[in-house]
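Structure record follows, encoded as structure tokens.
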Amino acid sequence: MSRDVLLGVDLVDISRMERPRRDLEPHFRNVLGTGLHTGSQARSTVELAADFSVRESLIKAVGGRFPGMSLNDLRPDDPDSGAGYGEHLLLAVADQMRDTTDFCLTHKGRYLLEGPTAAHACARMGDPDGARPVGYVGWGEKADQLVSIVIVIDEPHQEDPLS
């Protein structure tokens, strides 16, 4: 298994998302995809800021924007899949960030990467056999700012116990 790690961090002013949420939401939804928040529209400016920031962190982690990239390429993983090495890394980065900036990651999740984003991540990490790109995502807000972190690693496919 490869231990290549892709990392992206982004910081956004939440208030700067109010006008796009109010005036451009359908366009933003098309650009961002449904992503982290269910439904076709974010319910709040903070959720739109989180989706935007995570997308920017993902872009930084995989090495740039490319055609077809969307938050739809992040699919929530089974919560019973267990903690992996990526979660350990995310928590370590979160602790260091909290100690130096007072930002706390209040939302965390594990997401499987699919589609063009997965292909691009695999190419950057050497596409090891039997591995899949997994994204560990965290974000949190403080005052009017929201920070997000995306860590992408390759994890081996787990065998289906019924096969």
Side-chain angles (χ1 to χ4, degrees), residues 1-12 17 20-21 24-44 46-94 105-141 146-163:
M1 173 172 59
S2 171
R3 284 297 179 200
D4 290 337
V5 175
L6 306 178
L7 172 70
V9 178
D10 188 64
L11 179 70
V12 65
M17 294 289 112
R21 185 190 68 80
L24 305 172
E25 178 125 17
H27 172 70
F28 259 50
R29 280 290 129 211
N30 288 337
V31 171
L32 293 175
T34 55
L36 306 174
H37 296 100
T38 58
S40 61
Q41 296 185 0
R43 293 179 298 265
S44 72
V46 171
E47 289 175 343
L48 183 63
D51 283 355
F52 181 82
S53 185
V54 166
R55 178 177 179 264
E56 293 299 306
S57 291
L58 183 61
I59 287 167
K60 293 169 185 171
V62 299
R65 288 183 174 93
F66 48 91
M69 183 176 199
S70 166
L71 279 178
N72 292 334
D73 289 349
L74 283 178
R75 181 173 55 87
D77 197 9
D78 178 6
D80 295 326
S81 61
Y85 179 65
E87 183 174 3
H88 169 74
L89 291 175
L90 179 65
L91 294 175
V93 170
L105 298 185
T106 54
H107 299 81
K108 299 177 197 82
R110 175 185 157 128
Y111 294 82
L112 300 178
L113 272 67
E114 298 178 329
T117 304
H120 203 72
C122 285
R124 282 203 69 207
M125 291 188 283
D127 196 19
D129 292 332
R132 64 179 181 193
V134 177
Y136 289 86
V137 175
W139 72 91
E141 61 182 288
L146 185 138
V147 68
S148 68
I149 299 172
V150 172
I151 293 176
V152 178
I153 64 168
D154 279 333
E155 291 186 350
H157 287 287
Q158 295 182 348
E159 296 297 321
D160 184 352
L162 300 176
S163 56

How many angstroms lie between atom CG of Leu90 and atom CG of Leu7, to the nearest 0.5 angstrom? 9.5 Å
Quick one: are Glu47 and Met17 in side-chain contact, heavy atoms under 4.5 Å? no
Heavy-atom check, side chain of Ile59 versus side chain of Phe66, under 4.5 Å: no
Work out which heavy atom in Met125 is nearest to a heavy atom in Asp4; give both atom names and the distance. O-OD2, 3.1 Å
Worked verdict on Ser148 versus Asp10 for side-chain hydrogen bond (donor to acceptor under 3.5 Å, both in side chains): CA-CA 5 Å; Ser148 68; Asp10 188 64; 4.9 Å; no
CH2 (Trp139) and CG (Leu105) are apart, to the nearest 0.5 Å, by 10.0 Å
Does some side-chain heavy atom of Leu146 sit less than 4.5 Å from a side-chain heavy atom of Val46? yes
Does any non-hydrogen side-chain atom of Tyr136 lie less than 4.5 Å from one of Leu89? no
What are the two closest non-hydrogen atoms of Ser53 and Val12, and how far apart are they? CB-CG1, 4.0 Å
Where do Ile149 and Ser57 come nearest, in terms of heavy atoms and distance? N-OG, 4.1 Å
Distance-only, no hydrogens or angles: does the Arg124 side chain make a donor-acceptor pair with backbone N or O of Ala61 under 3.5 Å? yes
I would like to know whether Val5 and Val152 meet side-chain contact (heavy atoms from CB on, under 4.5 Å); could you show each step before the answer? CA-CA 6 Å; Val5 175; Val152 178; over 6 Å; no
If the test is side chain to side chain contact (heavy atoms under 4.5 Å, CB included), which one of Asp73, Leu6, Val62, Leu58 qualifies with His120? Val62
Can you tell me how far apart CG (Leu74) and CG (Asp51) are? Round to the nearest 0.5 Å. 10.0 Å
For a 4.5 angstrom cut-off between non-hydrogen side-chain atoms, does Val150 reach Tyr111? no
Walk me through it: do Arg65 and Arg55 pass the test side-chain contact (heavy atoms from CB on, under 4.5 Å)? CA-CA 10 Å; Arg65 288 183 174 93; Arg55 178 177 179 264; 4.1 Å; yes
